[in-house]
Novice: 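Take this structure first; my questions come after.
Letters A, B, ... are given to chains in the order of the sequence lines, protein chains preceding strands, and every chain is numbered from 1.
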There are 2 protein chains.
Amino acid sequence: MSEDAGGSPDADVDGLSIGRVAEATGLSVHALRFFEREGLFLREIPRTSGGRRVYARTDVDWLILCGRLRLSGMPIATIREFAALIRSGPGNERERLALLQEHERDVRAKLDELNACLEVIHGKVVTYEQHLNDGTAAGLWAPQPTR
Amino acid sequence: MSEDAGGSPDADVDGLSIGRVAEATGLSVHALRFFEREGLFLREIPRTSGGRRVYARTDVDWLILCGRLRLSGMPIATIREFAALIRSGPGNERERLALLQEHERDVRAKLDELNACLEVIHGKVVTYEQHLNDGTAAGLWAPQPTR
DNA sequence: GCTTGATCTAGCCCGCGCTCTAGGTCCTAG
DNA sequence: CTAGGACCTAGAGCGCGGGCTAGATCAAGC
């Protein structure tokens, strides 16, 4: 139930089970195995003699970053590219930077877009609130557009 | 090629073909037919005697709002609910307002989330920029996490 | 030893939001 | 009259991001 909390022969100091990593990152156990199949990790995740994954803190840190990248809309394929750059060692920092910069631009663009949508939506909300207070129906959608 | 631009017997004044509506809304022709199947419209779209859709300006206005709702992450199913409320006529404005308010909350939450992600990502960008200027490697991911 | 829960691999399945195809019809220009 | 583009319906397909299951193994506590 409590798994190995620091004493089993297989797990290194601070070796984490998949369940603990799931808790720590907010990702599901399924998602973690999926990410591994998809090549998103920075290294091969080692196994115990029994075949179970043993994660390190640095894996969790990376997964947390992956979570942010995903939340902000980066596709799995792009995260995979980024991971591949890191895995292939020093020397490609400019490429990594370019990838991150492009994503930053994308996120800013999406923020602008969302803000524009928010304005429209908030405008609608205000219109309905006024209608409900005043009893007017100005600016509301009719059931059948007036023709 | 130019379709009916205001003179054919079937099309009302300002009756728009699906292609024109696609242009006007940025949605694809396929998407417009899909939206119709999904019940997102506020009315039955009338047809010419030849069976072609004839849209009005009000349909375009509604579609533009739908576009904003979609862009801001509202699922098709929720837009369908909203459309159904409008279609069922006056009297349910509180429900419409509640739906819009909830979506507004969702959008604001997503904005906060995105901003938080952006901070993390921008931090990474800055770290890489510093590394490339200084030649240091502090804070960069190693190819293999140091164990 | 036995039970119990966490984990394993392999692989199929799903919801979403369109997109595209097939096979036709319409209709306007030349 | 003919060509060709826009449009029609019905329905299959797809990319994405996981979710879920089956059937087995592993490991900890009693």
Novice: Would you say a side-chain N or O of B:S17 is under 4.0 Å from OP1 or OP2 of D:dC7?
Specialist: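 It does, given that an N or O in the side chain of B:S17 lies less than 4.0 Å from OP1 or OP2 of D:dC7.
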Novice: Pairs in or reaching into residues 62-118 of chain B: which pass ring pair (Phe, Tyr, Trp, His ring centres under 6.0 Å), with residues at least two apart or in two chains?
Specialist: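 For residues 62-118 of chain B: A:W141-B:W62, B:W62-B:F82.
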Novice: Taking atom C1' of C:dC8 as reference, at what distance in whole Å does atom CD1 of A:I18 sit?
Specialist: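 In whole Å, C:dC8 C1' and A:I18 CD1 are 9 Å from each other.
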Novice: Rounding to a whole Å, what distance do you find between A:I45:CD1 and C:dT7:P?
Specialist: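 Checked: the CD1 to P distance equals 14 Å.
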Novice: Rounding to an integer number of Å, can you tell me how far B:Y55 OH sits from D:dA6 C1'?
Specialist: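 After rounding, the gap between these two atoms is 13 Å.
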Novice: Separation of B:L40 atom CG from C:dC16 atom P, in whole Å?
Specialist: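 Rounding to the nearest Å, CG of B:L40 and P of C:dC16 are 13 Å apart.
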Novice: Send over the distance from B:R80 CZ to C:dG15 P, rounded to a whole Å.
Specialist: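 Those two atoms, CZ and P, are 14 Å apart.
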Novice: Quick one: does any side-chain atom of B:E93 pair with a main-chain N or O of B:G91 as donor and acceptor, under 3.5 Å?
Specialist: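 Looks like yes, one N/O pair under 3.5 Å.
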Novice: From the options C:dT25, D:dT9, D:dA27, select the nucleotide whose nearest atom is closest to the side chain of B:R47.
Specialist: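 Per side-chain heavy atoms of B:R47, the pick is D:dT9.
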Novice: Please identify each residue that fulfils side chain to side chain donor-acceptor pair (under 3.5 Å) with B:R53, with sequence neighbours left out.
Specialist: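 Result, side chain to side chain donor-acceptor pair (under 3.5 Å) vs B:R53: B:E36.
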Novice: Tell me which residues in residues 61-77 of chain B put a heavy atom below 4.0 Å from DNA chain D, sorted by number, or none.
Specialist: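 Going residue by residue through residues 61-77 of chain B, none turns out to have a heavy atom under 4.0 Å of DNA chain D.
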Novice: Of all of residues 28-38 of chain A, which get a heavy atom below 4.0 angstrom from DNA chain D, listed by number?
Specialist: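 A:S28, A:H30, A:A31, A:F34, A:F35, in order of number.
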Novice: Please enumerate all residues that pass salt bridge (Lys or Arg N to Asp or Glu O under 4.0 Å) together with A:E129, with sequence neighbours excluded.
Specialist: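 Partners of A:E129 under the salt bridge (Lys or Arg N to Asp or Glu O under 4.0 Å) test: none.
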Novice: With sequence neighbours excluded, give me every salt bridge (charged side-chain N to carboxylate O under 4.0 Å, His left out) pair touching residues 71-84 of chain A.
Specialist: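 Every salt bridge (charged side-chain N to carboxylate O under 4.0 Å, His left out) pair that includes a residue of residues 71-84 of chain A, provided the two are not neighbours, is A:E38-A:R80.
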Novice: Taking only residues two or more places apart in sequence or in another chain, which ones pass salt bridge (Lys or Arg N to Asp or Glu O under 4.0 Å) with B:R57?
Specialist: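 Partners of B:R57 by the salt bridge (Lys or Arg N to Asp or Glu O under 4.0 Å) criterion, ordered by chain and then number, come out as B:D14.
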Novice: Would the distance check show the side chain of A:R47 and the main-chain N or O of A:I45 forming a donor-acceptor pair, the cut-off being under 3.5 Å?
Specialist: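 Yes, because the side chain of A:R47 sits within donor-acceptor range (under 3.5 Å) of the backbone of A:I45.
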Novice: On a plain distance test, is the side chain of A:R52 in donor-acceptor contact with the base of C:dC8 below 3.5 Å?
Specialist: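 Such a pair does not exist between side chain and base.
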Novice: Applying side chain to side chain donor-acceptor pair (under 3.5 Å), name anything that partners B:N92, two or more places apart in sequence or on another chain.
Specialist: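 Side chain to side chain donor-acceptor pair (under 3.5 Å) check on B:N92 returns B:S88, B:R96.
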Novice: Would you list the pairs meeting salt bridge (charged side-chain N to carboxylate O under 4.0 Å, His left out) in which at least one residue belongs to residues 103-112 of chain A, sequence neighbours left out?
Specialist: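 Output for this query lists A:E104-A:R108.
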